[in-house]
Amino acid sequence: MSLNRSLLLAPSFEVAPSLLGSILTVNSPDGAVSLRITEVEAYHGSADPGSHAFRGKTDRNAVMFGEPGHLYTYFTYGMHTCANVVCAPEGQASGCLLRAGEIVEGIELARFRRQTSRADADLAKGPARLTVALGITLDDGGADLAESRISLELCGGNTEVATGPRTGVSGLGGTAEFPWRFWIPGDRTVSPYKAHSPKKREPSEFNPRR
DNA sequence: ACTCCGATCTTCT
DNA sequence: GAAGATCGGAGTC
């Protein structure tokens, strides 16, 4: 079964609920790992201050402007890779960040890749953990989910859905103005919500740290 | 359970 | 030059 791309033609914040419960499978020489998606965040268009595309098209975010059903990957914090499913018609920068899920196949391989996880529920709890558990790397950027080693099987949106502000996003983009975090309520693989916290503290006499 | 903090480097200003 | 769609360890409660 291959991906029906037309189901992704809407803006990411409309597609997001139907991604919950869907199955993402990544094949590799070591075996396949499948994930039941339990948490995503939508980023959409040039008016979204939380999006990498807010300031227009660049080399990094170009994939998000392209055909829906491809994978947008990016590297952040000096060590982490995150992945988005590209949504909306070509020309519109729209994507759903894969934030968390439950491993439903290949759990031994996922455990091997995520040595620091104590519980299975933590294997893909968080966007960077998810890519490690599945074996997704930066090189998978641009991959077509209809015909590559990575495939997406849409479930049809039968699950319960909760929404709220996006995790870790700075400024207006992280507020209730953009309630574009979507998760399956009560699922133990969903990551905890964190508001954005600035890296450096306010300079003060008692806090000489810059 | 929750808070603080260092690691590490690409990307854009 | 600084911030960042994060993680895990150490410390505290």
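Computed from a predicted structure; not experimentally measured. Letters go in sequence order (proteins before strands), and every chain restarts at 1.
A:R118 has no side-chain polar atom (N or O) that falls below the 4.0 Å cut-off from OP1 or OP2 of C:dG8. Side-chain N/O atoms of A:S170 include one lying less than 4.0 angstrom from OP1 or OP2 on C:dG4. The shortest distance between the side-chain N/O atoms of A:R55 and the OP1/OP2 oxygens of B:dT13 is below 4.0 Å. When the side-chain nitrogen and oxygen atoms of A:T116 are compared with OP1 and OP2 of C:dG8, one or more of them lie within a distance under 4.0 Å. Look at A:T58 and you'll find a side-chain N or O under 4.0 angstrom from OP1 or OP2 of B:dC12.
Ranking B:dT3, C:dG4, B:dT11 by closeness to the A:H196 side chain, first place goes to C:dG4. Among B:dT3, B:dC12, C:dC7, the nucleotide with an atom closest to any side-chain atom of A:A128 is C:dC7. Set against C:dA5, C:dT6, B:dA7, the side chain of A:M79 has B:dA7 as its closest nucleotide. Side-chain proximity of A:K194 to the nucleotides B:dT11, C:dA5, B:dT3 is greatest for B:dT3. Considering only side-chain atoms of A:R114, the nucleotide from C:dA5, C:dG8, B:dA7 that sits closest is C:dG8.
A side-chain contact (heavy atoms from CB on, under 4.5 Å) with A:L154 holds for exactly one of A:I37, A:I23, A:L145, A:L7; it is A:L7.
No engagement by A:D59 is indicated, since no non-hydrogen atom pair under 4.0 Å with the nucleic acid exists. Residue contacts for A:G126: at a heavy-atom cut-off of 4.0 Å it reaches the sugar-phosphate backbone alone, with no base atom in range. Counting non-hydrogen atoms under 4.0 angstrom, A:R166 reaches nothing in the nucleic acid.
Between the side chains of A:T131 and A:T81, no donor-acceptor pair of N or O atoms lies under 3.5 Å.
Rounded to an integer number of Å, the gap from A:R181 CZ to C:dA5 C1' is 12 Å. Spacing between atom CZ of A:F75 and atom P of B:dC12 amounts to 14 Å, rounded to whole angstrom units. The nearest whole Å value for the distance from the CG atom in A:L97 to the C1' atom in C:dT6 is 11 Å. C:dA5 atom P lies 12 Å from atom CG of A:N61, rounded to whole Å. What separates OH of A:Y74 from P of C:dA3 is a distance of 18 Å, to the nearest Å. Counting to the nearest Å, the P atom of C:dG9 and the CD atom of A:Q115 are 12 Å from each other. Distance CZ (A:F182) to C1' (C:dA5): 15 Å, rounded to an integer number of Å. A:Y77 has its OH atom 12 Å from the C1' atom of C:dA2, to the nearest Å.
Across every strand in view, C:dG8 sits in a pair with B:dC5 that passes the Watson-Crick or G-U test at under 3.5 angstrom.
Counting all heavy atoms, side chain and backbone alike, A:G173 lies closest to A:P49 at N-CG, 3.7 Å.
Summarising the geometry, atom CZ belonging to A:R36 is positioned 10.0 Å from atom OG belonging to A:S22; distances are rounded to the nearest 0.5 Å.
Heavy atoms from other residues, nucleotides or ligands lying under 6.0 Å from CD of A:E108 number 12 at most.
A salt bridge links A:D140 with A:R149: the distance from a Lys NZ or Arg NE/NH1/NH2 to an Asp or Glu carboxylate oxygen falls below 4.0 Å.
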